[in-house]
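One structure below.
So you know, we letter chains A, B, ... as the sequences are listed, proteins then strands, and number each from 1.
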Protein chains: 2
Amino acid sequence: MASITEVARLAGVSIATASRVVSLADYPVSPATRARVLDAARTLDYVPNALARGLLKSQIPVVGVIVHDITDPYFAEVVRGVEDAASPAGYLVITCSSERDAVQETSYVRLLRSMRAASVIFAASGLDDPGQTRELHKHLAAMRLDGAAVVHLSPHALGDADVGVDNEAGMASMVAELVRLGHRQIAFLAGPSALVVAHARLAGFRRGLADAGLGVDERLVVHTSFDRDGGALGVDALLTGSATFTSICCANDPLAMGALARLAELGIDVPGAVSVAGFDDVPVAAMTSPALSTVRLPLREMGRRGFVEAARVLDGGELERIVLPTELAMRGSTAPPAIEAIAGRGVSLGAGR
Amino acid sequence: MASITEVARLAGVSIATASRVVSLADYPVSPATRARVLDAARTLDYVPNALARGLLKSQIPVVGVIVHDITDPYFAEVVRGVEDAASPAGYLVITCSSERDAVQETSYVRLLRSMRAASVIFAASGLDDPGQTRELHKHLAAMRLDGAAVVHLSPHALGDADVGVDNEAGMASMVAELVRLGHRQIAFLAGPSALVVAHARLAGFRRGLADAGLGVDERLVVHTSFDRDGGALGVDALLTGSATFTSICCANDPLAMGALARLAELGIDVPGAVSVAGFDDVPVAAMTSPALSTVRLPLREMGRRGFVEAARVLDGGELERIVLPTELAMRGSTAPPAIEAIAGRGVSLGAGR
DNA sequence: CTGAAAGCGCTTACAG
DNA sequence: CTGAAAGCGCTTACAG
């Protein structure tokens with residue numbers, strides 16, 4: 001590949017001058033010289049070496065996004081948002097599926113640091129485990145010191161999201177809506193108790209109930225994994241428990257979809273016998289049957305704004321903490337409760353009910 | 001950030017020696033010296049500068065994956081596969097959502113070239129438009145010359161996939177299965193006629209019919225976009241057309257899901273009145289209702305093998321052309337045909353049928 | 001086993 | 001407006 005040296009030689013100028021024109025530097029160069037350099041660059045199919053430039057700046061126009069799993073539509077949306085904002089600015093996006101594993105996450109961040117990525121954006125909520133993450137934070141601190149932008153899109157062990165939503169308020173609004181529909185016995189599939197974002201949503205559930213003057217029946221709060229399997233298992237746990245309920249509120253959409261699938265298997269009608277609500281509004285939420293009522297998060301916008309904030313920091317500005325609005329997306333999986341609540345313990349599962 | 005110079009100074013050795021130990025070079029260094037260097041590196045929180053190393057090698061351990069859209073589960077799966085193979089090898093994955101736009105694709109590849117990415121993997125099929133892509137191929141040729149690995153996971157304007165599936169055979173096997181179920185009037189939602197991979201699947205449809213001794217009713221072959229909207233539009237086109245059919249075979253899953261949704265809207269029972277089949281087996285295909293019968297592509301494995309082939313080339317080997325097997329995944333959306341075929345023209349849409 | 005030195009391809013004071 | 005030179009942080013012949 002042609003280097004700037006060859007471009008300069010072909011154009012008959014110094015490499016300094018060649019650099020000034022090809023790098024679009026704001027520096028006076030005579031029009032004739034400029035034209036000759038541009039010509040030479042075109043002739044030689046010159047493409048600047050971003051590594052050399054990056055070495056000088058100690059930074060390369062690349063942003064790493066840490067996600068739980070890129071095949072999870074939540075994260076795919078966020079990453080796409082980052083890309084939509086980053087791409088016009090000439091930044092490339094590196095996806096890092098950490099599976100919420102601290103070791104993997106650290107290894108990714110170290111790699112990002114080694115290549116002097118301009119920014120790392122955490123799309124996934126961290127686990128509430130500060131001990132595990134000392135090395136991670138060492139890397140992040142070093143990167144920040146070096147001018148890199150670190151942006152969180154979810155609450156994490158060390159603080160709130162930089163660009164995010166009010167998870168607690170969003171969940172409380174869903175609870176309020178279920179109460180408005182007439183529900184009084186609302187179960188909650190809470191996800192993993194160690195996940196920071198799950199905390200916030202559980203807090204929202206409690207607040208929603210409190211706002212309605214209702215108490216929390218702790219037997220109806222179930223912790224599971226944050227995926228479909230957790231939703232199915234959660235339903236089983238509720239049905240074998242001792243408390244009755246007319247609706248199930250879930251801390252995210254996968255949980256709700258798993259619950260929907262398990263209830264269908266058991267022949268329990270949604271929303272006839274029980275209402276189900278999710279949280280996130282991933283694109284598939286509108287395609288389940290019945291379609292899932294959920295809390296819409298502006299996922300793509302979160303990604304976009306995440307990059308915008310990163311760019312602000314790279315420009316020497318301060319991170320602005322941003323809270324984006326959530327919105328209820330009520331669909332077919334919720335309705336006023338049936339006369340009788342779904343019973344817990346004592347009801348045999350799978351018996352065609 | 002500490003550089004190797006500082007590590008060398010702290011360890012009391014030359015930077016050459018320091019480099020040999022921190023870069024894990026296969027070069028004799030006395031154990032005592034090695035230990036001192038490692039110690040210094042740890043003390044200084046030394047992380048090697050990948051940009052400096054890359055500048056020397058004219059290559060950085062990064063692989064770019066060109067996809068249509070990372071929020072499309074097909075591509076998310078493939079990217080995850082690439083990441084699963086790339087990550088243990090110390091490579092980072094850059095996602096490029098090109099929206100099948102030649103200009104964007106070229107711009108991404110140029111950026112990848114400028115940062116001397118070790119490899120670019122095309123997950124998306126190209127458009128059959130060699131004119132549009134001259135500049136793209138100039139960049140790719142330059143990268144290849146420079147030792148980068150270019151791998152195609154789908155057929156493209158200039159040739160077959162390097163790591164892919166036999167789209168034609170896969171589609172033919174689905175047609176054979178529909179015929180086995182008793183279908184004789186099979187419609188085909190073909191996707192865009194300019195998309196190379198769509199060609200192959202249409203060819204498979206024709207071959208499957210020919211193998212069964214059936215002719216192709218061209219009135220039942222509909223070209224639309226490659227997404228849900230195309231599926232819905234395709235159904236409308238078929239219903240207002242003049243030919244009858246008992247099943248709809250789709251060139252990919254989004255088309256099939258769009259068809260399913262539209263048929264449900266129209267009150268047409270699947271698979272009672274008409275069978276619907278997809279192609280790809282993206283994860284959501286199992287979650288529609290009825291669950292979608294489709295042709296399973298080993299998407300994640302395609303991504304993984306794509307990186308493995310890239311690594312082979314980077315190691316100085318030759319690209320091995322690999323064809324991965326497809327598999328039928330028959331689910332609830334297909335069944336033997338009803339006595340009467342669905343009629344086209346003359347049936348009023350949306351009239352509760 | 002160790003080190004001095006060249007060089008990868010750029011940008012940017014500095015001098016003219 | 002133009003150019004010579006230093007230097008970013010590494011690796012790697014080459015010499016010892």
Side-chain angles (χ1 to χ4, degrees), chain A residues 1-38 40-41 44-61 90 113-118 142 146-148, chain B residues 1-38 40-41 44-61 90 111 113-118 142-143 146-148:
Chain A
M1 294 211 204
S3 74
I4 197 162
T5 311
E6 297 161 62
V7 172
R9 179 166 22 198
L10 181 59
V13 299
S14 70
I15 62 167
T17 299
S19 169
R20 280 165 194 140
V21 359
V22 301
S23 72
L24 277 51
D26 178 24
Y27 199 90
V29 176
S30 81
T33 306
R34 180 179 302 275
R36 263 185 303 139
V37 172
L38 257 15
L44 296 172
D45 182 28
Y46 173 71
V47 172
N49 186 324
L51 268 21
R53 190 178 301 192
L55 178 57
L56 242 33
K57 308 266 183 203
S58 204
Q59 186 165 110
I60 193 164
R113 177 183 171 196
S114 87
M115 69 166 34
R116 307 308 193 245
D146 219 45
Chain B
M1 296 212 204
S3 73
I4 197 161
T5 309
E6 296 161 64
V7 173
R9 178 166 23 203
L10 181 59
V13 299
S14 70
I15 62 166
T17 298
S19 168
R20 281 167 194 141
V21 357
V22 300
S23 71
L24 277 53
D26 176 26
Y27 198 91
V29 175
S30 81
T33 308
R34 180 180 303 276
R36 262 186 303 139
V37 173
L38 256 16
L44 296 172
D45 182 28
Y46 172 70
V47 173
N49 186 324
L51 268 22
R53 190 178 300 196
L55 178 57
L56 241 32
K57 309 266 183 201
S58 202
Q59 183 164 113
I60 192 165
L111 234 36
R113 176 182 172 195
S114 88
M115 68 166 36
R116 305 310 192 245
M143 291 183 77
D146 220 45

A:Ile4 CD1 to C:dT12 P, straight-line distance once rounded to whole Å: 11 Å
Whole-angstrom distance between D:dG16 and D:dT12, as gauged at atom C1': 16 Å
Separation between CG of B:Leu10 and CG of B:Leu44, rounded to the nearest 0.5 Å: 5.0 Å
Any B:Asp146 side-chain heavy atom under 4.5 Å of B:Gln59 side chain: no
Derivation of the side chain to side chain contact (heavy atoms under 4.5 Å, CB included) call for B:Asn49 and A:Leu55: CA-CA 8 Å; B:Asn49 186 324; A:Leu55 178 57; 3.9 Å; yes
For B:Ala148 against B:Ala117, the heavy-atom pair lying closest together: CB-O, 3.8 Å
Proximity to the side chain of B:Ser3 - top-ranked nucleotide from D:dC10, D:dG3, C:dA4: D:dC10
Gap between atoms CG and P, on A:Leu56 and D:dA5 respectively (whole Å): 18 Å
4.5 Å side-chain heavy-atom contact, A:Thr33 and A:Arg20: no
Separation of atom CZ in A:Arg9 from atom P in D:dG3, rounded to whole Å: 15 Å
Position toward the 5' end of DNA chain C (nearest nucleotide), A:Ala18 or B:Ser14: B:Ser14
Residues touching DNA chain D, which here means a heavy atom under 4.0 Å, drawn from residues 21-28 of chain A: A:Tyr27, A:Pro28
d(CE, A:Met1; C1', C:dC10) in whole Å: 15 Å
Phosphate-side-chain proximity, B:Ser30 and C:dT2, N/O vs OP1/OP2 below 4.0 Å: yes
Whole-Å gap separating C1' (D:dT11) and CD (B:Gln59): 15 Å
Length of the CD-C1' vector between A:Glu6 and C:dC8, whole Å: 13 Å
B:Leu55, nearest nucleotide to its side chain (from C:dC8, C:dG3, C:dT11): C:dC8
Heavy-atom closest pair, residues A:Arg116 and A:Ser58: CB-O, 3.8 Å
Atom-pair distance (CZ on A:Arg53; P on C:dC10), nearest Å: 8 Å
A:Arg36 side chain vs A:Ala11 backbone, donor-acceptor pair below 3.5 Å: yes
Short side-chain N/O contact from A:Thr33 to OP1 or OP2 of D:dT2, under 4.0 Å: yes
Sugar-phosphate only, base, or nothing, as touched by A:Ser19 at under 4.0 Å among non-hydrogen atoms: base
Close side-chain approach of A:Arg53 and A:Ser23, heavy atoms under 4.5 Å: yes
Comparing B:Thr17 and B:Leu51 on DNA chain D - which has the more 5′ nearest nucleotide: B:Leu51
OP1 or OP2 of C:dC10 under 4.0 Å from side-chain N/O of A:Lys57: no
B:Arg20 side-chain proximity, nearest of C:dA4, C:dT12, C:dC10: C:dA4
Donor/acceptor link under 3.5 angstrom from B:Arg116 side chain onto base of C:dG9: no
Side chains of B:Pro31 and B:Arg34 in contact at under 4.5 Å (non-hydrogen atoms): no
Nearest-Å distance for atom pair CG/P, residues A:Asn49 and D:dG9: 16 Å
Stems where DNA chain D pairs, listed by first number, each of three or more Watson-Crick or G-U pairs under 3.5 Å: C:1-3 with D:14-16, C:5-12 with D:5-12, C:14-16 with D:1-3
Pairwise distance OH(B:Tyr46) to OG1(B:Thr5) - rounded to 0.5 angstrom: 8.5 Å
OG-CZ distance between B:Ser3 and B:Arg9, expressed to the nearest 0.5 angstrom: 7.5 Å
Sugar-phosphate only, base, or nothing, as touched by A:Ile15 at under 4.0 Å among non-hydrogen atoms: base
Position toward the 5' end of DNA chain C (nearest nucleotide), B:Arg34 or A:Ala52: B:Arg34
